[in-house]
Amino acid sequence: MVIKSTPRAVAALMAVSLSTAGLCAQTAIKLPKNKYTPEQDVQLGREAAAEVRKQYPIIKDERIARYLTTLGDRLVAAAPSELKQPVYEYSFTPVNLKEINAFALPGGPMFVQRGMFDAAAGEGEVVGVMAHEVSHVLLRHGTANATKAQNPWLQLGQVAGAVGGAVVGGSAGSAIAQGSQFGLGTLLLRYSRDYEKQADLLGAQIMARAGYDPRALAHMFETIERETQGGGGGGPQWMSSHPNPGNRTVYITKEAESLTIASAADTSGFQPIKTAFASLPPAKATSDLARAEGSGGGEAPPSVGTPGQPIPAPSSQYQEIRGGKVFEAAVPSNWTSLPSKSSIKVVPQNGYGEMNGQAVFTHGVEFGITKAGTRDLREATNVWLKAVAQNNPELRVAGTQQAVQISQRSGLATPLVNPSPLGGREHIVVYTTFLVDGTLFYYLTLAPEKDAEALQDAFVRIGRSIRLTDAR
Ligand SMILES: [Zn+2]
């Protein structure tokens, strides 16, 4: 499950600098600050694309694939030479999903959903969205986002897997962890309004050089907005990643007036391709995909023993673990750490593994972070728990929430009960506090009712050992 994150309040990174040379000049676009290398863009994109290809219904039809590649190649050829990266590996892949959406990963892999073709009135509109996506790639917006976010969690690794996971939207792991996905993919693929405007303007310029009228891009956006508002379910995906900077039609039209459109591209391939689409199996909805991938997906950490087998007593020896720049803690030396993109579980033997084809987390602790939309701890905690409960319909608060100290910060302890995958009930206590940047940090303890007492001392000792290090 992916929790929709609120768009990050982005500091006014004046990425779009309007040319002062006169009304007729095209807008100059400035490459945003980026601490990653183009090679890292390529590596990220390559690994994430492999993940997407595994989980998405890729259209194998030769005609459609070739057509999309022809369009993509035209756009890449028309890109400004100062933004071209020789190491980039462009690819243009059609996907049999019905939402109006397209996305491009760092370094070049682009995926265009069938819904985009179905909604487009002509080739120029599909090309417009592709030009917008190519512009995100050329301007390296994904890794520029990562640069400015300085997400302390990035050190946990599994970067590309996280991208793939967030794109695809499903992840195995503990049910609790699924409420807290704070994935890099979200970071890499959700753009600020500044970046959106950059991609629109550069996209318009590229379209003109490739022989298309940029106003088709504005028209496609209007269609997407209409779909979104009409509640047809076609457009929200696109809108959540590519927020409207406002006045989109106005500034794209204005930009178009400053541009010279090269000799018109041959668009005769569009109608036959619409016919080719009609011969495919019906398009799937992304939500069906996420459900199908929801259990036993590729991202589950390896098993630690066999769930259901007895749990050995926690060692009296403790070892240090560290979660990026966020926290340090001490855990029993015979427990195993399982880091994932937004959390670290630490489990005793037989506390995590596959059972009936599903990854289950039955004993241990978990540390994680999740975005918070408020500075009110109780409210932030409850919003997050509500999201967790969507995947755990029988999760219940079991007592009163209490004020606690976590690493000398004010925290909140919330006792919960849930049916255990092993039968009976499991006891969960979630401890929450804020990090300095307003992100919610949580620590939770989990054990089936019958084992709760045996693990209690270890849980208390781990909790007391937590040191939040994000302020250093
Ligand atoms: Zn965009």
Side-chain angles (χ1 to χ4, degrees), residues 4-8 10 13 15-16 27 29-32 34 41 44-45 48-49 52 71-72 75-76 79-80 83 88 90 92 95 99-113 115-116 119-120 124-149 163 166-167 184-207 212 214-225 227-228 234-252 255 286:
K4 265 201 168 172
S5 53
T6 44
R8 193 170 278 271
V10 176
L13 191 98
V16 177
T27 308
I29 313 281
K30 198 167 142 250
L31 197 63
N34 200 315
D41 277 43
L44 263 175
V52 172
L71 300 185
L75 294 171
V76 172
L83 293 176
Y88 276 8
Y90 286 98
F92 306 91
V95 180
E99 294 82 6
I100 309 179
N101 200 15
F103 58 93
L105 297 165
M110 188 192 297
F111 296 84
V112 182
Q113 295 186 187
M116 188 67 80
E125 298 194 3
V126 174
V127 165
V129 168
M130 292 175 73
H132 174 100
E133 292 297 333
V134 165
S135 300
H136 280 310
V137 173
L138 290 166
L139 295 165
R140 308 183 56 211
H141 282 159
T143 45
N145 267 350
T147 300
K148 69 183 169 181
V163 179
V167 168
L184 240 194
T186 304
L187 192 64
L188 294 184
L189 292 171
R190 291 219 164 119
Y191 304 110
S192 67
R193 286 173 170 79
D194 284 336
Y195 287 180
E196 277 309 291
K197 191 164 181 183
Q198 278 201 321
D200 289 344
L201 294 174
L202 181 59
Q205 295 166 11
I206 292 173
M207 283 179 83
Y212 294 93
R215 284 172 297 188
L217 173 61
H219 192 256
M220 189 71 212
F221 283 139
E222 285 167 10
T223 303
I224 294 172
E225 297 254 357
E227 278 283 320
T228 306
Q237 250 183 24
W238 170 274
M239 295 303 291
S240 70
S241 306
H242 305 268
N244 187 345
N247 298 320
R248 217 160 199 168
T249 302
V250 175
Y251 69 70
I252 292 174
E255 187 72 12
T286 306

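Counting convention: from 1, in listed order, for ligands and their atoms alike.
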> If we ignore angles and hydrogens, is there a donor and acceptor under 3.5 Å between the side chains of Ser135 and Gln198?
Replying inline: no
> What about His136 and Phe103, are their ring centers closer than 6.0 Å?
Replying inline: no
> Of the options Asp41, Asn145, Val137, which is the one that meets Pro106 in a side-chain contact (heavy atoms from CB on, under 4.5 Å)?
Replying inline: Asp41
>> Tell me the angle that ND1 of His242 and NE2 of His132 form around the Zn ion (ligand 1), rounded to 10°.
In response: 110°
> Quick check: does His141 put an N/O/S atom under 2.8 Å from the Zn ion (ligand 1)?
Replying inline: no
> Do Glu222 and Arg248 sit within salt-bridge range, that is, some charged N less than 4.0 Å from a carboxylate O?
Replying inline: no
>> Please name the atom of Glu196, limited to N, O or S, that comes nearest to the Zn ion (ligand 1).
In response: OE2
